Each structure stands twice: as structure tokens, then as C-alpha cells.
Amino acid sequence: MAFRSSRIVGFLSAALAVAVLSSPVASLAQEKSTTDMLRDTIKGLLDGDSGKTDNGQPPAPLPAPSTKQIPLSRDDMQLSFAPLVKATAPAVVNVYAARQVVTRSPFAGDPFFEQFFGRQFSGPPRIQSSLGSGVIVDPSGIVVTNNHVIKDADDIKVALSDGREFESRILLKDEATDLAILKIDANEAFPTLALGNSDNVEVGDLVLAIGNPFGVGQTVTSGIVSAQSRTRVGISDFDFFIQTDAAINPGNSGGALIDMRGQLIGINTAIFSRSGGSIGIGFAIPSNMVRAVVETAMKGGKSFERPFIGATFQSVTPDVAESLGLPQPYGALITALTDGGPAEKAGLKVGDLILSVEGARVDNPDVLAYRLLTAGIGSTVKLNVMSGSQQREVPVTLASAPKTPEVQSQVIEGDSPLAGAEVTELTPDIARRFRLPQTTRGVVVTGVYRSSPAMRLNLRQGDIIRRINGVEINGVSDLTDVLSAGASLLWRFEFERNGAIIRQYIR
């Protein structure tokens with residue numbers, strides 16, 4: 001395969017050299033002849049020939065030829081995206097969100113200052129604005145944008161490309177996927193973008209990104225799909241993105257990533273940057289994920305509910321892959337099962353390896369989570385499972401997650417090194433929020449007030465309090481009991497942070 005690829009590149013280079021070196025007055029017939037010869041050459045390479053490699057062996061077969069074409073002539077090079085932009089840009093909108101913010105004192109949350117001075121340091125409220133983009137996906141005025149664009153907003157306006165502005169309201173917002181669905185308050189038909197099938201997107205496909213970067217107005221940039229199924233990016237709880245080198249900047253969040261058929265294949269949501277501007281690494285939420293959230297909102301759902309499989313997974317390391325006889329490290333390895341959950345009912349066991357879902361390869365647990373999310377609650381998915389050395393197909397019916405009592409956060413007060421920390425007990429939902437295994441239990445820090453003793457202890461959001469003075473902390477009641485007992489000479493703390501145990505001693 002590598003040999004044939006190098007041959008194709010060589011012929012392309014030679015053909016381009018002919019085109020460049022030929023006389024400016026070369027006839028159109030000569031140019032056409034060169035182009036036809038190049039097409040015939042590539043066709044022969046793709047169809048296969050009887051040639052042999054340098055070692056006398058027949059060349060390795062090429063993969064099936066793609067139906068997509070590369071530009072081969074001068075006319076091809078002069079093609080324009082303008083008709084595509086004219087057809088799709090009207091469905092991309094600007095989203096303006098405003099919220100009222102109360103100015104907090106730097107002493108807020110400090111037990112000492114609040115005890116003596118109360119909260120009189122807080123300033124008057126002010127209006128904080130944010131700007132993003134959105135995409136109309138239904139003629140009735142259903143708009144998709146990012147949750148972080150409208151988070152905590154009191155007033156949301158949508159501006160169309162023709163300059164008109166409309167009030168809008170939130171139908172659904174989901175922090176985990178960073179998607180929000182809005183409804184324009186107007187009784188008219190709006191231009192829309194059709195949702196494409198993001199599973200058909202391939203690396204190298206041409207794409208356009210449309211949005212409102214830096215508030216300068218609607219802007220279109222072009223590029224290609226740089227990577228598909230990009231995971232472990234750390235942008236949100238949802239971790240499955242299309243990567244593109246089309247320029248995406250602040251203000252593009254919620255905007256459209258479209259293919260050459262004018263279909264929406266992603267919602268631009270984040271960039272990797274050291275300067276704040278585009279360096280050619282942008283991420284978009286795939287349209288199949290967007291479709292699932294939009295359908296929930298249009299059915300009247302106020303929140304996007306994740307399907308429940310009742311299992312915990314881990315990635316496959318090279319060592320594990322070698323022990324299982326896999327040529328490559330991929331899949332999701334089951335490490336725990338929920339009693340009576342869908343996975344257990346289907347006959348899955350701890351140690352089973354999920355290789356694919358409905359024929360789509362599973363590279364890691366994030367890819368598996370995406371496949372289950374887009375399948376939806378109530379659907380039956382076929383899993384290709386390796387048990388020992390045997391592979392089998394297992395149908396699993398996804399269900400709603402079991403309801404757990406809502407847990408309230410509690411702020412630690414009093415004369416304690418943890419004063420100023422907000423804590424709560426870990427539930428599956430809260431564990432997912434902090435990117436922890438859903439079987440994790442204990443007490444997690446959900447916030448730390450500035451200038452508080454807890455901040456001086458270097459406690460951080462997401463830390464799990466494991467032990468205090470040798471007492472294991474399994475719940476908030478354990479924590480409050482130990483803190484109320486106090487310590488005569490020495491406090492001994494054990495925290496878990498990113499899987500590592502941190503020990504602190506305070507006299």
C-alpha cells in the first residue's frame with residue numbers, strides 16, 4: 001500500500017511540474033490532454049495494474065476507491081464556496097446572553113469577617129454579557145448553541161444574519177454535553193440547516209465553520225476534518241469531538257461546522273490555544289449527538305437523560321491488549337457491574353471486553369459512552385464482546401438510570417481547617433460531573449471559598465476527603481462528626497486528587 005501511495009504522489013508531482021513549466025500560451029487542448037493523462041494514471045493505480053515492486057513481489061492491494069474527488073484541473077481550482085455559504089449562512093445566528101451579577105467581596109465566605117462585618121462589602125449588581133453563535137435546525141425557530149454561551153443568563157436574544165433580533169427562551173440545557181436548545185419567540189418560518197450524519201465524516205473532508213468570532217459579525221472559514229472521534233480532550237463531561245483546522249475563535253462557540261453538501265455535521269464548541277486565538281485545532285460536537293438532544297427538547301424534555309448500561313469501564317493498555325491477544329490496544333474493559341442493571345441482565349461479566357457497538361469500533365470508554373448516548377434510552381444495541389478468547393454478540397437494552405435521592409451541598413463552618421469548603425456525598429451523577437468512576441463513593445469538595453481556611457489548606461474542587469485523624473470518611477455525617485470532635489494538637493488529613501493520595505498535617 002505504501003509503495004502505491006508513493007507512486008501516486010510521484011505522478012501528481014510530475015503532472016504539476018508539466019503544468020507549471022508549460023508555456024503560458026499552451027493550448028487548452030494540451031492542458032486537457034495532460035489532465036486526462038493524469039486521470040488515466042490515477043485510475044489505473046486505483047483499479048490495480050500488473051506491475052511489481054522493487055523486490056519482484058506484486059504490490060499490496062489498495063483500499064476500495066472513494067467516491068470523493070480531488071481537484072485535477074485549473075477549472076477545479078477556481079471553484080468557490082460562495083453558493084454553499086449563501087444557502088447555509090442565513091441559518092447561523094448570533095446569540096446574546098446577559099445576566100445580573102452581584103459583586104462579591106474578597107472576604108465573602110470567610111467566617112471571621114462575616115461574623116463581625118456581615119456581608120456589607122458586596123457591591124451593587126452589574127450586567128454581564130456574553131456573545132456566541134447558534135444554528136437554527138427547525139423552521140419553528142429551534143436554535144442549537146453551547147450551554148456555556150447562555151449559562152445563568154437572565155435574558156437571551158438571537159440575531160439573524162439579516163439584522164433582525166428576537167427574544168428567545170431556553171427549552172433545554174445540558175452541562176455535560178455543553179449543548180443548549182433555544183426557541184425564538186416569533187410566529188414565522190425560519191431558514192434551517194439540515195442535520196447530517198456525523199458518523200459518515202472522514203478525516204480530510206472539506207468543511208466550513210460559520211459563526212461570529214470576537215463579535216465582528218458573521219464570518220466563514222474553511223478547512224478540513226483533522227481528526228474524528230477525538231476523545232480525552234477535557235473540555236466537558238462529554239468527550240467525543242470532531243477536530244478541524246478551520247479557524248475557530250472566541251464567539252464561534254455554538255456556530256456551525258458544515259460539510260460540502262450544506263449539512264450540519266457539528267457544533268463548534270472549543271479550541272486548543274495558548275494565545276486565545278485559533279492555531280488550527282478546533283473541536284465540534286458531532287451532529288448525531290446534537291440530534292439526540294434536539295429530539296429530547298422537541299418532545300418536551302427539560303433535561304437530557306443519559307441511557308444506563310449498569311457497568312463501569314476502563315481503557316485497554318498495551319499490556320492488557322497483549323495478554324488478550326489483541327493486535328492493537330482498543331476496547332472498553334468491564335471492571336464493575338451494577339446488580340440488576342442492563343449489562344448484567346444481558347449476561348455480561350467483569351473482565352469482558354467491548355470491542356464494538358452496532359459494528360462501530362470502540363477505541364476507549366469515551367467512544368462507548370458516545371455510542372450509547374446517541375442510541376438513546378429504550379433502544380437495544382448489539383455489542384461485540386470478547387470473553388476470554390471467544391467473541392460473541394450481546395444485545396443490551398438501555399434503560400433509564402435508577403433514581404437517587406437528591407443530595408444537597410453543605411458548607412463547612414466553624415473553627416476548622418476545612419471551614420469554607422463546600423462538600424457533598426458522591427452519587428453516580430456527581431461522580432460523572434467530576435469525571436470519576438460511577439462506583440466512586442465518599443465526600444467530594446464541590447467548591448472552596450476564597451480566603452477561607454480550606455483554601456489555605458490548598459483544598460480544590462473535585463478533591464475527595466478520605467480520612468481525617470485516621471477516621472475513614474464515607475459520608476458528610478462522618479465528616480461533621482470528626483470536625484465537631486476537634487483535635488487537641490494535630491489535624492491529619494488524607495485527600496484523593498486525580499487518583500493520588502495527598503496527606504496534610506496541621507498543628
Side-chain angles (χ1 to χ4, degrees), residues 1 61 63-64 66 177 196-205 225-233 237-243 265-266 283-292 306-338 341-399 401 432 437-438:
M1 183 184 302
S66 172
T177 59
N197 184 356
S198 53
D199 285 349
N200 292 337
V201 174
E202 295 182 289
V203 176
D205 283 355
V225 173
S226 308
Q228 178 65 298
S229 308
R230 183 66 79 199
T231 61
R232 302 173 191 177
V233 177
D237 292 351
F238 171 77
D239 215 359
F240 190 95
F241 297 93
I242 297 171
Q243 182 181 323
I265 60 169
F283 301 99
I285 300 172
S287 57
N288 286 358
M289 184 71 257
V290 175
R291 179 182 287 105
R306 286 143 190 77
F308 177 69
I309 193 172
T312 302
F313 304 91
Q314 75 173 36
S315 298
V316 176
T317 63
D319 290 340
V320 172
E322 184 178 358
S323 67
L324 295 174
L326 290 175
Q328 299 174 353
Y330 72 97
L333 188 65
I334 298 177
T335 57
L337 291 170
T338 302
E344 187 183 63
K345 289 180 179 178
L348 296 176
K349 306 291 184 184
V350 172
D352 285 351
L353 182 64
I354 311 298
L355 299 175
S356 65
V357 179
E358 295 291 339
R361 171 168 148 160
V362 171
D363 290 315
N364 53 56
D366 291 325
V367 175
L368 174 61
Y370 167 77
R371 296 296 174 190
L372 300 182
L373 278 171
T374 53
I377 294 171
S379 62
T380 299
V381 293
K382 295 178 181 178
L383 307 180
N384 183 19
V385 180
M386 175 179 282
S387 300
S389 60
Q390 302 296 320
Q391 291 190 30
R392 57 195 176 102
E393 189 176 85
V394 180
V396 178
T397 301
L398 305 177
R432 182 172 58 244
Q438 294 191 21

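What you are looking at is a predicted structure, and each value in this text was computed from that prediction instead of being measured.
Atom CD1 of residue Ile265 and atom OG of residue Ser198 lie 8.0 Å apart, to the nearest 0.5 angstrom. Atom NZ in Lys345 sits 13.5 Å away from atom CG in Leu348 (nearest 0.5 Å). Rounded to the nearest 0.5 angstrom, Leu353 CG and Ile334 CD1 are separated by 8.5 Å. With values rounded to the nearest 0.5 angstrom, Leu373 atom CG is found 6.5 Å from Arg306 atom CZ. Note that CE of Met386 is 11.5 Å distant from CD1 of Ile354, once rounded to the nearest 0.5 Å. The structure places CG of Leu368 at 11.0 Å from CG of Asp363, a figure rounded to the nearest 0.5 Å.
A salt bridge links Arg371 with Asp199; the closest basic N to acidic carboxylate O contact falls under 4.0 Å.
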> Between Gln228 and Ile242, does a side-chain contact (heavy atoms from CB on, under 4.5 Å) hold up when you go through it step by step?
Replying inline: CA-CA 5 Å; Gln228 178 65 298; Ile242 297 171; 3.2 Å; yes
>> Set out, in order, the CA-CA distance, both residues' side-chain angles and the distance that settles side-chain hydrogen bond (donor to acceptor under 3.5 Å, both in side chains) for Thr335 and Thr312, then state yes or no.
In response: CA-CA 6 Å; Thr335 57; Thr312 302; 5.0 Å; no
> Could you walk me through whether Leu398 and Ile377 pass the side-chain contact (heavy atoms from CB on, under 4.5 Å) check?
Replying inline: CA-CA 5 Å; Leu398 305 177; Ile377 294 171; 5.7 Å; no
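With hydrogens and angles disregarded, a donor-acceptor distance shorter than 3.5 Å links the side chain of Ser287 to the backbone of Gly196.
The minimum heavy-atom distance between Ser387 and Arg392, with the atom names listed, is OG-NE, 3.2 Å. Here the closest heavy-atom approach between residue Asn364 and residue Ser315 is recorded as CB-OG, 3.8 Å. The minimum heavy-atom distance between Ser379 and Ala375, with the atom names listed, is OG-O, 3.2 Å. The two residues Ala399 and Pro342 make their nearest non-hydrogen contact at CB-CG, 4.1 Å. Scanning all heavy atoms of the two residues, the minimum distance from Ala346 to Val396 falls at CB-CG2, 3.6 Å. Residue Ala321 comes nearest to Pro329 through the heavy atom pair CB-CA, 3.6 Å, listed as atom of the first residue, atom of the second, then distance.
Looking at Tyr330 and Arg361, their side chains come closer than 4.5 Å, going by heavy atoms from C-beta outward. Side chains of Leu355 and Gln391 form a contact here, defined as non-hydrogen atoms less than 4.5 Å apart. When side chains are defined from C-beta on, Val367 counts as touching Phe240, because their heavy atoms get closer than 4.5 Å. In this structure, the side chains of Thr338 and Phe308 come closer than 4.5 Å at one or more pairs of heavy atoms. Here the side chains of Pro395 and Thr380 are in contact, with some heavy-atom distance below 4.5 Å. For the pair Leu383/Asp352, no side-chain contact is recorded, criterion being any heavy-atom separation below 4.5 Å from C-beta on.
Residue Glu358 places its CD atom among more than 12 non-hydrogen atoms of other residues, nucleotides or ligands, all under 6.0 Å distant.
Checking Asn288 against Thr374 by side-chain atom types alone, no donor-acceptor pair falls below 3.5 Å.
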